[in-house]
Amino acid sequence: MAAYLHGFIPEEQQRLIDQAGVLESLIYPRIDFTGCKKLLEIGSGVGAQTATLLRLFPELEITCVDYSQSQLDRAKENLAFASDRVRFVCQDAKKLSLDEKFDSVFICWALEHIPDAHEVLEGIKAYLLPNSKLWFTEVFNSSFYFNPALPGLTKYYDAYNEFQRSLGGNPDIGANLGNLLLRAGYKQIELYHGGFHLDQRNAEDLRNICQYWKGLMKSATAGMREAKLVSSADVLAMERDLDAIFKDENAVFFYHFVQVSATV
Ligand SMILES: C[S@@+](CC[C@H](N)C(=O)[O-])C[C@H]1O[C@@H](n2cnc3c(N)ncnc32)[C@H](O)[C@@H]1O
């Protein structure tokens with residue numbers, strides 16, 4: 001299994017569950033699987049998004065694919081409330097071998113980690129019924145802007161993105177989703193932006209998102225330390241800067257992810 005930016009320790013598994021809660025109101029307003037019955041979720045992790053999908057679309061049965069058995073084991077626990085509606089498949093998304101076809105696909109924060117992600121988009125087509133609905137949500141890390149300009153956060157964030165690229169991932173894959181889907185032969189491709197543009201008008205949200213961001217940044221610390229991309233002083237500086245932002249009267253925190261809907 002290829003090296004993975006965030007790792008698989010229990011704290012990271014819990015972070016994914018917490019993250020799904022923090023971001024749910026931003027991710028789900030447009031996503032619509034009404035009328036769909038069988039959904040394929042690629043890179044389902046610990047089932048954090050799966051739980052939301054099961055709740056929002058009561059007719060869906062979901063097949064969760066992840067290449068990490070420990071993520072799927074945690075997903076089984078997390079989704080025990082709907083065990084009759086979920087199935088777990090431990091496979092590399094680039095080498096799928098499934099025994100059924102689906103009328104819908106969901107991918108969230110997973111293509112960013114997969115080298116040559118276009119191969120996933122090409123591979124899943126073999127398992128999709130005509131008119132299947134697709135909804136993908138992915139990062140666009142170059143969209144991050146914050147004020148005041150703080151060097152500790154800038155340095156760590158650059159190293160974080162560099163680390164992801166060194167693992168074969170793409171921290172800006174959201175911006176490329178349109179081209180990737182077009183080239184893989186999908187139709188009716190629509191792009192949307194979501195995310196936050198926070199300042200002191202929304203002081204509580206600003207504080208919460210700075211806290212969330214700290215957890216996201218720290219989820220890669222172990223790997224980044226091992227790769228000698230950051231020191232412990234760099235980690236502390238990043239944390240200090242995120243604490244400083246929300247206290248600043250001119251604080252701005254802006255980040256956009258990209259969503260795409262399409263069909264086959
Ligand atoms: C950041 S997590 C996102 C999990 C989930 N979609 C969510 O939003 O909570 C990315 C997941 O993709 C999985 N993953 C990465 N590369 C993969 C691959 N080539 N095939 C299958 N799963 C992969 C990882 O194991 C991890 O669980």
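Start at 1 and go down the list; that is how both ligands and their atoms are numbered. It should be emphasised that the depicted structure is a prediction, and the values quoted were computed from it without experimental measurement.
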Q. Should side-chain heavy atoms under 4.5 Å link Ile, Leu, Val, Met, Phe, Trp and Tyr, which residues sit in the same cluster as Val252?
A. Tyr145, Phe254
Under 4.0 Å to a heavy atom of [X] - the qualifying atoms of ligand 1, by number:
X: Asp92; value: 18 (C), 19 (N), 20 (N)
X: Trp109; value: 1 (C), 2 (S), 3 (C), 8 (O), 10 (C)
X: Gln71; value: 26 (C), 27 (O)
X: Ala93; value: 18 (C), 19 (N), 20 (N), 21 (C)
X: His113; value: 1 (C), 10 (C)
X: Gln91; value: 20 (N), 21 (C)
X: Ala48; value: 9 (O)
X: Gly45; value: 4 (C), 27 (O)

Side chain, backbone, both or neither: [X] near ligand 1, heavy atoms under 4.0 Å:
X: Ser44; result: backbone
X: Asp66; result: both
X: Lys94; result: neither

Does [X] pair with [Y] as a salt bridge, N-O distance under 4.0 Å?
X: Asp199; Y: Arg201; result: yes
X: Arg165; Y: Glu112; result: no
X: Glu204; Y: Arg207; result: no
X: Arg55; Y: Glu24; result: yes
X: Lys37; Y: Glu61; result: no
X: Asp241; Y: Lys214; result: no

Hey, does [X] come in under 3.5 Å of ligand 1, counting only N/O atoms on both sides?
X: Ala110; result: no
X: Ser68; result: no
X: Glu112; result: no
X: Phe8; result: no

Q) For ligand 1, is Ala20 a contact, meaning one of its heavy atoms is under 4.0 Å away? A) no
Q) Is the closest heavy-atom distance from Val65 to ligand 1 below 4.0 Å? A) no
Q.
Could you check whether Glu162 and Tyr157, counting side-chain N and O atoms only, form a donor-acceptor pair closer than 3.5 Å?
A. no
Q: Sort out for me which residue in Tyr192, Phe140, Trp109 forms a ring pair (Phe, Tyr, Trp, His ring centres under 6.0 Å) with Phe257.
A: Trp109
Q) So Asn141 and Tyr160, side chain to side chain donor-acceptor pair (under 3.5 Å) or not? Walk me through it. A) CA-CA 10 Å; Asn141 286 4; Tyr160 174 95; 5.3 Å; no
**Q.** Where at least one partner belongs to residues 145-155, residue pairs that pass salt bridge (charged side-chain N to carboxylate O under 4.0 Å, His left out), sequence neighbours excluded
**A.** Lys155-Asp234
